[in-house]
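The structure under discussion appears below in the form of structure tokens.
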Amino acid sequence: MDLSRLNPEQREAVTTPKGPLLVLAGAGSGKTRVIVYRIAWLLAQGARPDSVLAVTFTNKAAQEMKARLLRLAGRPAEELWVSTFHALGAEVARKDLFRLGWPRRFAVADAGDQLCLVRRLLRAVSVDDRALDARRVVAAISRAKNAGVAPQPDAAQEGDDYQRVAGEVFPHYQRALRAQGAVDFDDLILLPLQLFREHPEVLARWRRRFQTLLVDEFQDTNAPQLQFVQALAGDRRDVCVVGDDDQCIYSWRGAEVRNILDFQAHFPGTREVVLGRNYRSAPAVLAAASAVISAVPERRPKVLVADRPPGVPVQLVVLPSEGDEADWVARGVERRLQEGIPADEMAILYRTNGQSRPLEESLSARGLPFEVLGGTEFFQQREVKDVLAYLKVLANPLDEVSLLRIINVPARGIGDATMERLLAHARREGLGVQQTLDRAAAVEGLAPGAAARVEAFSALVARMRARLRAEPMGQVARSLLVDIGFAEDTRAGSRDAGVAQARLRSVEGVLASLEAYQARAAGKADLISWLNRLSLDAREEEQSAERGRVALMTLHAAKGLEFRVVFLVGLEEGLLPHAGMLGEAPNLDEERRLAYVGFTRARDELILTRAATRLRRGREVPRTPSRFLQDLPVDSVVFLDLTLPSPPQAGPGQPSVFARLREQFRAAGPEEPPSA
DNA sequence: TGCAATATCATTTTT
DNA sequence: TGATATTGCA
């Protein structure tokens, strides 16, 4: 085992004997390297590869880690279990969830399913759903579940309507999920925990299976995830966790920085190693990043020591509009490509997914190779959702949410009135929706024509399910879409032939992914596992496949990655830091950590941009520079103002740093101070 | 019931 | 602005 490429701290972390170990690793200090080497070292010490479990936060990180392990440790690494919390939870659930009353093949409800379900329940509970944002109800339910508390209807907190509504809907929500044989994302952690509690033999089995645990990005774990780790670790307590409190960016999802800061308390006797030498970033990048993060009050102060020769300074550029911003970034990408920097060594990062569009347009216009990572747009297209709903219905007869979605898509004469009667009948008779459909003729008050259409639909579904048992599922899916005239309907429904084409291409993408899975899984491919995989691990193919492209992604998605050149766009108030949801104060410290994560992705060059105006709801709105820019160290940053000259308006109460920026702008040429 | 015109209204991050 | 919900009409 060659440890010569590690520094003393890294070596200590890698070779610390078994037992609880906390590695506090600053950005770029070789965190992943330490985990990978430690695993290799454990194997060299005689650990069985299949007894080692490494947990990461995202699938991207898991794949990356696995690849590095294969390079370092060779064949044995194939047996290692590298997984995300949720994928691991799904695996535990898959084996034993039936003990808690779920069907053996349960489905994972994704965000869209949750939303539809909650909407339906809100209506059923007859809370006036108009005034309520179902998404916030979903969020409130999730928050309460992860806090380990059922949402309380008797709101002690009168202030929060959503908490009250969530409390009211929650029991129905849980019941409905289970009735559909489904679990949500939170359940993928919570239900295994319940299994562990109520069926000790299940826990014992998994403890026997995994002798050694390693967890990356531990600062982003929430309470149930910590419990999960504790449960698996047992008395053996051979747990190594790695993380950086400065990079905790998921507190909105219940992440507890305290999990890492109080690790000692959870695992007494923990050895601790601090990695503070930064191998990744040029000093100017590091200086900017440190300046921004050090304004966070509650953090473990740490100094990242740069280990590289000075590079180019960080650039901060102001442009007139978001279109100009995108163009300027695209030009920058083009220039660097010409200079020989590979496309996949560059990334464009932003706070929100919506910001990718102008960038995509500008890059396309120049014919530059890029890839948007992790965008949700694909799965939000109506056609994609419809097709997936069809497949879900085929896979899971209990999935009523999906059934209701597609029963009249394409329009087949089953309208609201018919559905009302069917659902009322089902409720009265205590029947499932599916059963009711099969015998629609028996439903009173239903026009014979309508009943016939319903039964025809029901027969279609039954026919497809039957074919699924004998034929490859990709083939069945295709023939289903032909049968229902999906393509024609899509074409008819969109004015523009090009748009229809694009939509059908998306659907083709879904089918292709299904067929790829089928080919990979050979004989034992089934629809439910594919769908669950899709929810757990969306877009896996694209992610690893695309090389040689500039990556576009959110700051959250960028965590754990690094690039030679990073463009971070939209450094404006309301965007970074984000304005948060109406009524809810944004967590400024978290936004700051997010900026820090973005900055520290850059190895050689960091380019920050902002636009003086941005289109918002079609209106051009003036923008204020991000407050984080005030903290940039002037001697590590060059400022560039590319807005059109206009009379400077010195607003009162401008922070003093803007005065300094203004000085620089004057010196640099055409000027325009950041507008207030 | 289905379609098209009109009104409304949005505004994070993700497993 | 552009996506979705709702309404009004055939």
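The model shown is predicted, which means the values in this text are computed figures rather than measured ones. Chain identifiers are assigned alphabetically (A, B, ...) following the order of the sequence lines, protein sequences preceding nucleic acid strands; residue numbering begins at 1 within each chain.
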Are the side chain of A:R592 and the backbone of A:V292 linked by a donor-acceptor contact shorter than 3.5 Å?
-> yes

Parallel, tilted or perpendicular: which describes the rings of A:F210 and A:W81, with under 30° parallel and over 60° perpendicular?
perpendicular

Of the listed B:dT12, B:dT15, B:dT14, the closest approach to the A:H86 side chain comes from B:dT15

Between CD1 of A:I414 and P of B:dT1 the distance, given in whole Å, is 10 Å

**Prompt:** Can you tell me how far P in B:dT13 sits from the matching atom in C:dT4, rounded to whole Å?
**Reply:** 16 Å

Of A:A417 and A:R351, the one whose closest nucleotide on DNA chain B sits nearer the 5' end is A:A417

Do we count A:W252 as stacking onto B:dT13 if the rule is ring centres under 5.5 Å and planes under 30°? yes

**Residue pair A:R351 / A:E572, side-chain heavy-atom distance below 4.5 Å** = no

Q.
Strictly below 4.0 Å: does A:N353 bring a side-chain N or O up to OP1 or OP2 of B:dT13?
A. yes

Query raised in the report: Under 4.0 Å between a side-chain N or O of A:T418 and OP1 or OP2 of B:dT1?
Result: yes

Looking at A:Y250, does the NZ or CZ of A:R253 lie under 6.0 angstrom from its six-membered ring centre and within 45 degrees of the ring axis?
yes

- request: Return yes if a side-chain donor-acceptor contact under 3.5 Å exists between A:T352 and A:Q355, otherwise no.
  value: yes

Against the six-membered ring of A:F57, is A:K559 placed for a cation-pi contact (under 6.0 Å from the centre, within 45° of the normal)?
yes

Review item, nucleotides 1-5 of chain C N/O atoms under 3.5 Å of protein N/O:
residue	atom	partner	partner atom	Å
C:dT1	O4'	A:G618	N	3.3

Per atom distances to the A:H578 side chain, the nearest of B:dT1, B:dT12, B:dT15 is B:dT12

Picking from B:dC3, B:dT14, B:dT13, the nucleotide nearest the side-chain atoms of A:A411 would be B:dC3

### Task
Using a 4.0 Å heavy-atom cut-off across all strands, classify A:R412 as base, sugar-phosphate, or nothing.
sugar-phosphate

Residue pair A:R135/A:Y250 against DNA chain B: nearer the 5' end by closest nucleotide is A:R135

Taken to the nearest whole Å, CG/A:D184 to P/B:dT14 is 18 Å

In whole angstroms, the gap separating C1' of B:dT12 from CD of A:E591 amounts to 8 Å

### Query
Is the distance from OP1 or OP2 of B:dT15 to the nearest side-chain N or O of A:N146 less than 4.0 Å?
no

At less than 4.0 Å, is any side-chain N or O atom of A:N408 found next to OP1 or OP2 of B:dG2? Yes or no.
yes

From CG of A:L555 across to P of B:dT14 the rounded distance in Å is 10 Å

Of B:dT13, B:dA10, B:dT15, the nucleotide closest to the side chain of A:T554 is B:dT13

Atom CD of A:Q114 and atom P of B:dT15 are separated, to the nearest Å, by 13 Å

### Message
Regarding A:D216 and A:T56, do their side chains bring together a donor and an acceptor under 3.5 Å, going by distance alone?
### Response
no

